[in-house]
Amino acid sequence: MKSVKIIADSGSNLSETLCQRLDAVSIPLTLTVDGRDFVDTFDMDVAEFLEAVEASPNVARSACPSPAAYAQAYEGADEVYVLTLSSKLSGSYQSAMAGKELSENRENVHVFDSMSACGGPALQAIKLRSLIDQGLSKEEIIKQMNAFIEGMQTLFVLEDLNPMIKNGRMNKLVGKLVMAMQIRPILAAEEGEVVQLDKARVTKAAHRRMVDIAAERVTNSESKIAFISHCFNEEGAHNLRAMLEEKCRFKEIIIEQTNGLNTLYAARKGLVLCF
């Protein structure tokens with residue numbers, strides 16, 4: 001029987017439990033706040049990291065895994081599938097591709113650009129495992145995964161836009177105006193970039209609108225999994241799941257706390273929905 005590896009960078013928001021469930025490997029990014037490094041592993045203190053980010057007037061930085069780290073992870077399998085943060089948000093995809101060129105196992109490695117983040121690549125890893133377990137050929141797995149990535153939706157509502165503004169993901173003047181007016185934008189990842197779909201005056205209304213948009217966009221929900229990532233907002237995540245269950249019939253709805261990198265961008269109480 002052929003051996004298969006699933007590899008993702010830590011921007012995937014794969015938890016240790018999900019990695020065990022999928023037999024997947026998470027390769028950590030490194031996050032830096034005021035000269036202090038946090039390695040985005042399962043045992044990283046995410047609460048401490050968030051407190052450091054919130055207390056700092058400076059931009060927190062992230063560094064993707066090195067090509068050498070990727071190359072080392074590629075060894076020892078007949079087929080290797082890699083999921084990275086969107087190439088428009090991070091250099092992780094380019095690093096993974098460079099690692100492929102360094103690897104003696106390069107012919108067996110395929111790297112997917114997730115075109116997403118914060119739960120999107122985790123959802124893709126779940127899909128990938130299901131295709132592998134079906135015994136499909138490498139060519140068919142790649143074909144179906146590319147279609148899945150293209151059709152996947154990522155929606156989110158953030159309580160605090162400062163990290164997005166600081167890191168250049170949102171126009172500074174627009175972001176400050178939105179926060180001053182206490183508006184909650186409903187955002188999406190489209191073609192790997194952040195766009196605004198709608199807005200609401202209060203958080204609960206924004207969550208409700210996000211669910212409405214999900215219901216408008218999803219097809220064949222009975223066969224699909226939804227993935228909710230929350231940044232220290234478990235109550236909000238469960239409320240969002242309840243709203244989803246009223247509108248859609250997802251096969252499964254998974255809830256996970258954000259890890260290091262995704263905590264940086266989701267900020268406290270942020271919710272991200274992928275399906």
Side-chain angles (χ1 to χ4, degrees), residues 1-29 39-43 64-87 90-152 154 192 220 223-227 229 250-252 254 256 259 261-262 274-275:
M1 181 180 293
K2 66 183 178 184
S3 58
V4 182
K5 275 187 177 182
I6 297 175
I7 296 170
D9 64 40
S10 61
S12 67
N13 212 49
L14 276 171
S15 65
E16 186 171 14
T17 299
L18 270 176
C19 278
Q20 292 170 351
R21 167 179 162 180
L22 304 175
D23 192 20
V25 175
S26 177
I27 300 182
L29 282 85
V39 182
D40 198 6
T41 54
F42 298 133
D43 59 356
C64 61
S66 69
Y70 273 117
Q72 183 177 5
Y74 296 161
E75 303 306 322
D78 298 320
E79 290 179 11
V80 181
Y81 298 100
V82 189
L83 294 158
T84 73
L85 284 159
S86 168
S87 61
S90 168
S92 191
Y93 175 78
Q94 288 78 11
S95 186
M97 291 297 291
K100 177 178 176 178
E101 294 306 308
L102 291 175
S103 172
E104 295 181 2
N105 198 30
R106 67 178 68 89
E107 296 301 319
N108 297 322
V109 176
H110 186 85
V111 182
F112 294 102
D113 181 347
S114 75
M115 299 297 289
S116 184
C118 197
L123 190 57
Q124 292 166 20
I126 293 169
K127 176 67 174 180
L128 179 56
R129 171 49 63 189
S130 74
L131 297 176
I132 293 168
D133 289 348
Q134 291 173 45
L136 300 180
S137 67
K138 181 179 179 181
E139 292 73 22
E140 185 62 24
I141 288 172
I142 292 170
K143 177 183 175 182
Q144 290 201 33
M145 280 300 299
N146 285 335
F148 184 80
I149 291 169
E150 184 177 350
M152 197 188 74
T154 302
N220 302 318
S223 64
K224 294 182 176 178
I225 296 172
F227 196 106
S229 303
F250 284 106
K251 180 173 70 175
E252 181 182 5
I254 296 171
E256 291 285 354
N259 63 351
L261 179 79
N262 295 305
C274 302
F275 57 92

Donor-acceptor contact present, side-chain S12 to main-chain A122, <3.5 Å: no
If you look at every heavy atom in S3 and G76, which pair is closest and at what distance? OG-O, 4.0 Å
Are H110 and F112 close enough that some pair of their side-chain heavy atoms sits under 4.5 Å apart? yes
Take I225 and F250 through the side chain to side chain contact (heavy atoms under 4.5 Å, CB included) test and state the conclusion after the steps. CA-CA 6 Å; I225 296 172; F250 284 106; over 6 Å; no
Would you give the length of the straight line joining atom CD of Q134 to atom CZ of R129, rounded to the nearest 0.5 angstrom? 11.5 Å
Side chain proximity check, L14 to F42, heavy atoms < 4.5 angstrom: no
Compare all side-chain heavy atoms of I6 with those of I132 and state whether any distance is below 4.5 angstrom. yes
Check: L261 main-chain N/O paired with D40 side-chain donor or acceptor under 3.5 Å: yes
Donor on one side chain, acceptor on other, E256 and S15, under 3.5 Å: yes
Closest non-hydrogen contact found for C274 with A117 is SG-O, 4.3 Å
Does CD belonging to Q94 count more than 12 external heavy atoms closer than 6.0 Å? yes
Within the distance-only criterion (no hydrogens, no angle test), does the side chain of Q124 pair as donor or acceptor with the backbone N or O of L83 below 3.5 angstrom? no
So CZ of F275 and NZ of K251: to nearest 0.5 Å the spacing works out to 16.0 Å
Do side-chain atoms of N13 reach the backbone of N259 as a donor and acceptor pair under 3.5 angstrom? yes
Output for pair (T84 OG1, L29 CG), nearest 0.5 Å, gives 10.0 Å
Mind listing the closest non-hydrogen atom pair of S95 and S66 along with its distance? OG-C, 3.2 Å
Starting from the C-alpha separation in whole Å, work towards a yes-or-no answer on side chain to side chain contact (heavy atoms under 4.5 Å, CB included) for V111 and Y74. CA-CA 11 Å; V111 182; Y74 296 161; 4.1 Å; yes
Exercise: do N105 and S103 side chains pair donor with acceptor under 3.5 Å: no
Looking at K2 and E79, is there a salt bridge between them, counting it only when a charged N and a carboxylate O are closer than 4.0 Å? yes
Can a side-chain donor-acceptor contact be found between T154 and S116 if the only test is distance below 3.5 angstrom? yes
Summary of salt bridge (Lys or Arg N to Asp or Glu O under 4.0 Å) pairs that have at least one residue in residues 99-120, sequence neighbours excluded: none
Worked verdict on I141 versus L128 for side chain to side chain contact (heavy atoms under 4.5 Å, CB included): CA-CA 7 Å; I141 288 172; L128 179 56; 3.6 Å; yes
So does V82 get a backbone contact from the side chain of K5, meaning a donor-acceptor N/O pair under 3.5 Å? no
Closest contact, heavy atoms only, I7 versus A73: CD1-O, 3.4 Å
Heavy-atom pair with the smallest gap, counting every atom of Q144 and L131: OE1-CD2, 3.3 Å
Between N262 and G11 (side chain of the first, backbone of the second, donor and acceptor by atom type, cut-off under 3.5 Å), is there such a pair? yes
Taking atom OG of S223 and atom CD of E252, what is their separation to the nearest 0.5 Å? 13.0 Å
Can you tell me if Y93 uses its side chain to pair, donor with acceptor, with the backbone of M115 under 3.5 Å? no
Between E16 and C19, does a side chain to side chain contact (heavy atoms under 4.5 Å, CB included) hold up when you go through it step by step? CA-CA 5 Å; E16 186 171 14; C19 278; 5.6 Å; no
How long is the gap from CD1 on I27 to OG on S92, to the nearest 0.5 Å? 8.0 Å
Side chain D9, main chain L85, donor-acceptor under 3.5 Å: yes
Treating S130 as the side-chain partner and K127 as the backbone partner, does any N or O pair qualify as donor plus acceptor under 3.5 Å? yes
All heavy atoms of Y70 vs all of P65, minimum pair found to be CE1-CB, 3.7 Å
